[in-house]
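Single-structure report; data block below.
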Amino acid sequence: EVAACKKNGVEYEEVQVANDALSAVVNPNNPVECVSVEQLNQIWDKGSKVDSWGDVEGLDVDVPDEKVTLFGPGSDSGTYDYWTESINGEEGVIRTDYNSIGEDDNAAVNGVAGDEWAMAYIPFSFVEEAAGQVKPLQVKNPDTGECVEPTAENVQNGTYVPLGRPLFIYPSAEALQKPEVLAFVKYYMDNQEEI
């Protein structure tokens with residue numbers, strides 16, 4: 001999108017309007033509580049050989065060597081883009097043998113809730129809505145090594161990394177010359193915290 005704007009001479013402003021997070025989730029009966037980015041990469045990277053929980057190196061708990069069933073969004077999803085870049089180091093790089101749920105994050109919740117050894121990645125808001133059907137995993141902060149829960153507070157204070165993310169709108173410089181667009185962006189900024 002940046003390249004397309006540059007090619008077509010479209011100038012824009014980047015305006016942060018919210019914070020969001022993605023969460024790795026497992027069934028509540030799964031004993032795993034915290035994972036590192038490296039462990040998530042072992043599971044989700046392109047060409048991964050992880051078929052069972054016993055294949056994941058360095059887990060803090062003993063996990064039976066049970067088959068891991070994976071659920072994730074399709075390649076048209078912003079969740080997919082952010083996850084693959086944050087966990088696998090490059091947007092779009094991911095193993096292909098997972099259950100693609102398209103844009104239906106509730107399908108991932110249902111899949112994990114119904115399979116004791118399943119894992120998915122979903123937006124944090126779906127974790128909140130799932131109310132105990134799935135367990136969000138803590139993620140080791142790469143800077144501190146501490147396990148950090150995906151909570152609204154940890155997303156806002158910047159400790160839930162790399163899966164906490166800012167959300168933006170990108171009004172064009174041309175559009176910002178229109179009073180109604182400028183008023184809309186101002187409304188966004190004045191009300192984003194309450195919303």
Side-chain angles (χ1 to χ4, degrees), residues 20-75 77 79-102 104-155 159-165:
D20 186 22
L22 301 183
S23 298
V25 296
V26 294
N27 186 285
N29 295 326
N30 188 315
V32 175
E33 297 288 335
C34 180
V35 291
S36 67
V37 172
E38 292 77 16
Q39 289 163 332
L40 290 171
N41 175 267
Q42 285 177 42
I43 296 167
W44 287 96
D45 201 9
K46 185 175 184 175
S48 172
K49 302 293 185 211
V50 172
D51 292 320
S52 70
W53 284 96
D55 295 336
V56 182
E57 297 174 10
L59 289 174
D60 293 341
V61 295
D62 288 331
V63 181
D65 196 22
E66 298 285 347
K67 179 174 172 45
V68 61
T69 305
L70 300 172
F71 296 89
S75 61
S77 165
T79 300
Y80 171 94
D81 291 340
Y82 194 83
W83 177 269
T84 54
E85 185 173 338
S86 297
I87 298 303
N88 297 336
E90 185 179 340
E91 194 173 291
V93 172
I94 195 168
R95 67 190 299 164
T96 56
D97 60 343
Y98 69 94
N99 295 291
S100 177
I101 48 98
D104 186 3
D105 292 301
N106 285 315
V109 169
N110 292 334
V112 171
D115 182 336
E116 190 169 355
W117 302 107
M119 174 189 266
Y121 64 92
I122 57 177
F124 176 63
S125 60
F126 283 85
V127 173
E128 292 182 308
E129 290 174 17
Q133 294 178 62
V134 296
K135 177 174 71 174
L137 294 176
Q138 299 171 36
V139 176
K140 287 185 183 172
N141 181 309
D143 297 326
T144 66
E146 291 182 40
C147 291
V148 180
E149 289 182 69
T151 64
E153 180 182 352
N154 290 338
V155 172
T159 58
Y160 183 67
V161 291
L163 296 178
R165 63 180 178 169

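Side chains are part of it too, since the values below use all heavy atoms of this structure and drop only hydrogens, waters and symmetry mates.
Annotation: E146, atom CD; neighbour count of heavy atoms from other residues, nucleotides and ligands within 6.0 Å does not exceed 12. For D62, the CG atom is loosely surrounded, since the number of other residues' heavy atoms within 6.0 Å does not exceed 12.
Distance CG/L40 to OG/S86: 10.5 Å, rounded to 0.5 Å. With rounding to the nearest 0.5 angstrom, the NZ atom of K67 is 6.0 Å from the CG atom of D51. Of the inter-residue distances, the one linking W53 atom CH2 with N30 atom CG reads 5.0 Å to the nearest 0.5 angstrom. The line from CG of L22 to CD1 of I122 is 9.5 Å long, rounded to the nearest 0.5 Å. Expressed to the nearest 0.5 Å, how far CZ of F126 lies from OG1 of T79 amounts to 8.0 Å. Note that OG of S36 is 9.0 Å distant from CG of N41, once rounded to the nearest 0.5 Å.
Of all heavy-atom pairs spanning W83 and A24, the tightest one is CH2-CB, 3.9 Å. When all heavy atoms of Y80 and G74 are compared, the pair lying nearest together is CB-O, 3.2 Å. Among all heavy-atom pairs drawn from F124 and P150, the shortest one is CE1-O, 2.6 Å. The shortest heavy-atom contact between G114 and N27 is N-ND2, 4.5 Å. Residues Y121 and G72 approach most closely at CE2-CA, 4.1 Å, considering heavy atoms. Looking at every heavy atom in both residues, A130 comes nearest to V109 through CB-CG1, 3.8 Å.
Counting only heavy atoms from C-beta outward, the side chains of L163 and I87 approach each other to under 4.5 Å. For the pair K49 and D55, the minimum side-chain heavy-atom distance is 4.5 Å or more. Using a 4.5 Å cut-off on side-chain heavy atoms (C-beta onward), V61 and V32 make contact. Side chains of V161 and N141 form a contact here, defined as non-hydrogen atoms less than 4.5 Å apart.
The aromatic rings of Y98 and W44 sit perpendicular to each other, their planes meeting at more than 60°, with 30° as the lower class boundary.
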Task: Verdict with supporting geometry, V155 and D20, side-chain contact (heavy atoms from CB on, under 4.5 Å) - done: CA-CA 7 Å; V155 172; D20 186 22; 5.9 Å; no
Task: Intermediate values then yes/no, side-chain contact (heavy atoms from CB on, under 4.5 Å), C147 and K140 - done: CA-CA 4 Å; C147 291; K140 287 185 183 172; 3.8 Å; yes
- [ ] Would you check, one step at a time, whether the test side-chain hydrogen bond (donor to acceptor under 3.5 Å, both in side chains) holds for S52 with D65?
- [x] CA-CA 6 Å; S52 70; D65 196 22; 2.3 Å; yes
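Remark: the backbone N or O of A118 is not paired with any side-chain donor or acceptor of T69 at under 3.5 angstrom. Under the 3.5 Å distance criterion, the side-chain polar atoms of Y160 are left unmatched by any main-chain donor or acceptor of E149. Side-chain atoms of S23 never come within 3.5 Å of backbone atoms of V25 as a donor-acceptor pair (strictly under, hydrogens ignored). Put simply, the side chain of N110 gets close to the backbone of N106: a donor and an acceptor are under 3.5 Å apart. Proximity of a side-chain donor or acceptor of Q39 to a complementary backbone N or O of E57 within less than 3.5 Å is detected.
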